[in-house]
> 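To start, I am sharing the structure in question, which I have written as structure tokens.
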Amino acid sequence: MPELLSSNNAGDAKTFRLLIAEDDPNDLELCLRGLRKSGIRFEAETVTTRDEFVRKLGESHFDVVISDYRMKGWTGMDALTTVHENAPDIPVILLTGTLGDELAVQCLKLGVTDYILKENMARLPAALQRAREETELRAAETQAIAALRESEARYRGLVDNATYGIYWVAGNGELLFVNPALVHMLGYDSEQDMLTVKNSREFYADSAACDRVHSESENGRVDAVVEWRRRDGRLISVRLNGRRVKDPGREHPCVEIIVEDVTERLKLEKQLVQAQKFEAIGQLAGGIAHDFNNMIGAIIGWADLGIDETDGSSRVHRHFEKVRQQANRAAALTKQLLASARRQVLEPRTIDLNQVTVETLSLLENVIGRNIEIKASLAQDLAVIRADPVQIEQVLMNLCINARDAMPKGGLLAVQTCNSTLDQEFCTVQPQAHPGDYAVLSVTDTGTGMDRATLDRIFEPFFTTKEVGKGTGLGLATVYGIVTQHGGFIQVQSELGSGSTFRAYFPVSTETAKAEAERDSGPMQRGSETILIAEAHEALRQVANETLVALGYRVILAADGEEAIRQFTHDRERIDLALLDMMLPKLTGMDVIERIREQNSELPVILSAGHAGDTPRLGGIRERGWTLLQKPYSPRDLAGRVREALDRRKELVPDLKSGRKSSGH
């Protein structure tokens with residue numbers, strides 16, 4: 001039967017818990033006496049049979065097992081085997097009367113911690129201490145190995161799950177290690193697949209950039225932005241940040257580099273810089289456009305009046321026509337500049353992009369040239385958009401002419417329309433885009449294409465690759481400005497020798513497209529109503545006055561906002577329409593109209609503007625049913641708008657008299 005024995009100091013933290021297997025009572029007493037005599041602290045449980053040994057080993061924890069080498073029906077080696085199977089960390093010490101050298105060596109090889117000859121029992125306490133130290137040392141080593149494995153697993157997890165690419169490279173460029181993020185970034189199938197690329201130099205689009213990175217790594221640190229080539233050939237911009245490290249498996253140090261794909265970030269930064277350029281140009285253009293358009297408008301007006309009042313065969317008549325021709329060219333250039341700066345005054349309506357495309361292409365057939373084939377592919381279910389048809393026509397004409405110039409030896413010009421729905425993921429890399437439905441107008445050519453440097457600047461005003469005198473540099477800038485002002489955006493794909501594709505995205509409209517009424521091209525219509533004209537520019541004011549007076553209208557003039565209010569207050573009973581400049585001194589045209597409407601809420605109003613610097617308020621003009629007259633305007637434009645506004649007023653008179661329309665009081 002097992003027996004529990006202990007020293008007087010048992011229970012202390014340093015107490016040995018012993019399991020002693022001994023079937024000879026005399027030898028057991030000899031062992032215990034030696035332990036007590038040494039002063040060692042211990043608790044011991046004794047067993048005599050193998051079954052007792054196995055049961056006790058499973059019930060309690062022991063620091064050391066002491067076993068006689070030979071016992072009745074079993075041996076100390078059987079005890080060793082049992083310990084290894086059930087508690088392999090417990091050291092085993094054999095007690096033996098005699099043990100040959102060969103057998104002793106064999107026992108030690110099999111895992112016996114020590115053996116004690118019974119005639120030298122005094123050595124047992126020291127063997128116990130050494131067994132405990134070895135156990136503690138093994139435990140510490142096991143713990144350290146586990147901690148190291150945990151650290152390695154944690155590091156491996158960080159590397160494998162990192163969103164940044166990571167790779168190790170030797171000094172000669174040999175790839176030593178790559179993580180999954182880098183594999184995905186460069187389009188390889190696996191880490192092993194990527195490591196078949198023996199040298200990291202193959203990733204670089206520019207060998208000089210590779211040399212610079214290598215030079216930096218020689219100094220211990222790497223921090224650079226370079227272009228890499230993916231497996232599919234596509235170029236990406238990456239930021240490399242690395243340091244020199246010691247690879248335990250190599251004599252020479254290597255470099256550990258973290259890779260971040262910054263392609264989209266750099267693209268966004270470029271778009272931001274471009275937007276800032278356009279904004280600066282827009283402010284400049286908007287600042288001068290009003291006065292410039294006033295002067296051009298006056299020139300066009302006087303030229304038109306001169307043409308109308310002179311004989312068609314006279315030299316003076318021809319001179320007036322030349323003046324008007326040059327003034328119209330100046331006006332067109334101003335409109336281009338305003339469009340590129342998104343300051344153009346738009347007159348949007350719901351239109352069918354396909355119809356505009358067909359009409360524009362029919363006009364371009366003779367301009368494009370016979371050596372260029374025009375192919376149109378228009379979506380049958382294309383959604384309608386709300387846009388200024390004249391400006392959309394300008395977009396398509398500019399893109400087609402730009403494509404023609406890129407194909408001096410001829411080629412294919414493909415124009416396509418389609419529907420597209422953009423999600424949030426797409427819009428994160430296209431700042432001007434918003435999730436939703438778009439109608440897309442694409443123009444593709446098979447021309448010379450463009451390099452990266454040209455692509456970065458193609459939408460800049462006045463930038464051109466054409467010879468001096470063969471281009472203003474406003475064509476694509478105008479396209480960009482018009483598309484952006486309509487709430488859309490434009491994308492370009494091009495490579496040298498592979499042609500170019502421009503895609504203009506326009507937000508779709510839920511309204512239905514309506515046919516535009518044709519403008520009357522006959523004689524200017526006359527009238528007898530009274531018109532209040534408030535115009536700051538004297539020459540333009542005089543042209544408007546002479547035009548309308550010649551057509552039978554009565555005209556009251558004002559040079560600023562305050563004078564316009566005084567004139568209206570004095571003659572409000574007989575004033576039938578107000579023509580107001582948006583940029584009047586003292587009080588703006590919008591301020592004047594608000595004051596006038598307090599006295600007559602139904603007065604027809606025409607507001608003239610040279611640019612769309614106050615776009616939200618211009619939108620309010622259309623919503624209220626007022627008329628917008630864009631500068632510079634011709635006498636015919638002025639007369640037509642005045643007559644339209646007055647006739648529209650007359651159509652409402654029956655409703656006003658019957659009380660079906662509010663009087664505003």
Side-chain angles (χ1 to χ4, degrees), residues 293-312 317 320-321 323-325 327-328 330-332 334-335 345 347 349 388 390 516-559 564 567-568 571 574-582 584 589 592-593 596 602-610 621-622 625-653:
N293 275 330
N294 284 340
M295 290 184 284
I296 295 175
I299 295 171
I300 292 174
W302 289 121
D304 280 351
L305 292 176
I307 290 172
D308 290 340
E309 295 176 5
T310 56
D311 183 79
H317 185 91
F320 276 127
E321 286 182 336
V323 170
R324 182 173 63 179
Q325 181 183 3
N328 286 333
T334 306
K335 287 181 179 180
V345 178
E347 298 185 50
R349 59 187 182 87
D388 185 329
V390 175
E516 183 180 17
E518 294 185 4
R519 292 282 176 86
D520 184 9
S521 59
M524 290 186 286
Q525 292 180 291
R526 302 177 62 83
S528 58
E529 293 89 346
T530 300
I531 314 297
L532 171 63
I533 298 178
E535 171 58 58
H537 194 272
E538 182 179 359
L540 197 56
R541 189 168 64 246
Q542 292 174 0
V543 170
N545 178 53
E546 289 211 17
T547 299
L548 295 178
V549 168
L551 293 173
Y553 295 99
R554 294 183 296 274
V555 177
I556 300 173
L557 299 176
Q567 293 282 26
F568 181 79
D571 294 306
R574 63 191 187 97
I575 292 177
D576 299 296
L577 179 143
L579 170 61
L580 307 173
D581 181 9
M582 280 285 292
L584 286 171
V592 172
I593 196 173
I596 287 177
E602 303 300 335
L603 181 73
V605 174
I606 298 176
L607 279 165
S608 61
I621 292 173
R622 300 185 184 96
W626 304 336
T627 300
L628 182 64
L629 180 60
Q630 183 175 349
K631 294 181 179 181
Y633 52 81
S634 67
R636 178 175 294 277
D637 291 334
L638 173 61
R641 291 300 178 92
V642 167
R643 193 65 259 162
E644 287 174 5
L646 289 170
D647 290 344
R648 190 163 56 245
R649 164 72 172 179
K650 287 181 178 180
E651 292 174 0
L652 296 175
V653 170

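Hydrogens, waters and symmetry mates play no part in the numbers below; they use all other heavy atoms, side chains included.
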> For the residue pair Glu546 and Trp302, establish whether any side-chain heavy-atom pair is separated by less than 4.5 Å.
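When only atoms from C-beta onward are counted, Trp302 and Glu546 do touch, with a gap below 4.5 Å.
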
> Kindly indicate whether the side chain of Leu305, heavy atoms from C-beta on, has any atom under 4.5 Å from the side chain of Thr547.
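Of all side-chain heavy-atom pairs linking Thr547 with Leu305, at least one is under 4.5 Å.
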
> Just wondering, do Leu584 and Val592 contact through their side chains at under 4.5 Å, heavy atoms?
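SC-SC contact between Val592 and Leu584 confirmed.
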
> Please assess Ile606 against Leu580 for the test side chain to side chain contact (heavy atoms under 4.5 Å, CB included), listing each intermediate value before the final yes or no.
CA-CA 6 Å; Ile606 298 176; Leu580 307 173; over 6 Å; no

> Rounded at 0.5 Å granularity, tell me how far CD1 in Ile593 sits from CE in Met582.
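Between atom CD1 of Ile593 and atom CE of Met582 there are 9.5 Å.
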
> In the structure I gave you, are the side-chain heavy atoms of Arg648 and Thr627 within less than 4.5 Å of one another anywhere?
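In contact.
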
> To check you understand the geometry: which heavy-atom pair defines the closest contact between Ala544 and Tyr633, and what is its length?
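So the two residues come closest at CB-OH, 4.4 Å.
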
> Between Ala298 and Val543, what is the shortest heavy-atom contact and its length?
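In terms of heavy atoms, the two residues are closest at O-CG2, 3.8 Å.
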
> Roughly how far, to the nearest 0.5 Å, is the OH atom of Tyr553 from the CZ atom of Arg643?
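One gets 4.0 Å once the value is rounded to the nearest 0.5 Å.
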
> Does Asp304 pair with Arg324 as a salt bridge, N-O distance under 4.0 Å?
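Counted as a salt bridge, because a side-chain N and a carboxylate O are separated by less than 4.0 Å.
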
> Closest approach of Ile575 and Gln567, non-hydrogen atoms and distance?
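Residues Ile575 and Gln567, closest heavy atoms: CD1-O, 4.1 Å.
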
> Would a 4.5 Å heavy-atom cut-off, applied to side chains only, mark Glu535 and Leu579 as touching?
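SC-SC contact between Glu535 and Leu579 ruled out.
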
> Is any side-chain heavy atom of Ile307 less than 4.5 Å from a side-chain heavy atom of Glu321?
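A side-chain contact under 4.5 Å exists here.
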
> Once you round to the nearest 0.5 Å, how far does CD of Glu644 lie from CG of Asp647?
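Here the rounded value is 8.5 Å.
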
> When rounded to the nearest 0.5 angstrom, what distance separates CG in Leu557 from CG in Leu532?
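Nearest 0.5 Å value for the CG-CG distance: 8.5 Å.
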
> Going by side-chain hydrogen bond (donor to acceptor under 3.5 Å, both in side chains), name the residues that satisfy it together with Asp308, two or more places apart in sequence or in a different chain.
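For Asp308, no residue satisfies side-chain hydrogen bond (donor to acceptor under 3.5 Å, both in side chains) once neighbours in sequence are set aside.
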
> Evaluate side chain to side chain contact (heavy atoms under 4.5 Å, CB included) for Ile556 paired with Ile533, printing each intermediate quantity in order.
CA-CA 6 Å; Ile556 300 173; Ile533 298 178; over 6 Å; no

> For Met295 and His537, what are the C-alpha separation, side-chain angles and deciding distance, and is it a side chain to side chain contact (heavy atoms under 4.5 Å, CB included)?
CA-CA 8 Å; Met295 290 184 284; His537 194 272; 3.7 Å; yes

> For the side chain of Arg526 and the backbone of Ala550, is there at least one donor-acceptor N/O pair under 3.5 Å apart?
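Flag set: sc Arg526 to bb Ala550 pair under 3.5 Å.
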
> Inspect the contact between Arg541 and Asp581 and indicate whether a charged nitrogen and a carboxylate oxygen are less than 4.0 angstrom apart.
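Between Arg541 and Asp581 there is no salt bridge, as every charged N stays at least 4.0 Å from the carboxylate O atoms.
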
> State, with a plain yes or no, whether a side-chain heavy atom of Lys631 is found less than 4.5 Å away from one of Leu540.
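The answer is yes; the side chains approach within 4.5 Å.
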
> Measure the CZ-OG distance between Arg554 and Ser528 for me, rounded to the nearest 0.5 Å.
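The CZ atom of Arg554 sits 6.0 Å away from the OG atom of Ser528.
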
> Given Thr530, which of Val555, Asp571, Asp576 fulfils the side-chain contact (heavy atoms from CB on, under 4.5 Å) condition?
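For Thr530, the side-chain contact (heavy atoms from CB on, under 4.5 Å) test succeeds with only one of Val555, Asp571, Asp576, which is Asp576.
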
> Which atoms form the tightest heavy-atom contact between Val323 and Ala303, and what is the distance?
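Taking every non-hydrogen atom into account, CG1-CB, 4.1 Å.
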
> Should the pair Arg641-Asp637 be classified as a salt bridge under the 4.0 Å nitrogen-to-oxygen rule?
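No, Arg641 and Asp637 are not salt-bridged.
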
> Pair Leu607, Leu629 - check side chain to side chain contact (heavy atoms under 4.5 Å, CB included), show working.
CA-CA 6 Å; Leu607 279 165; Leu629 180 60; over 6 Å; no

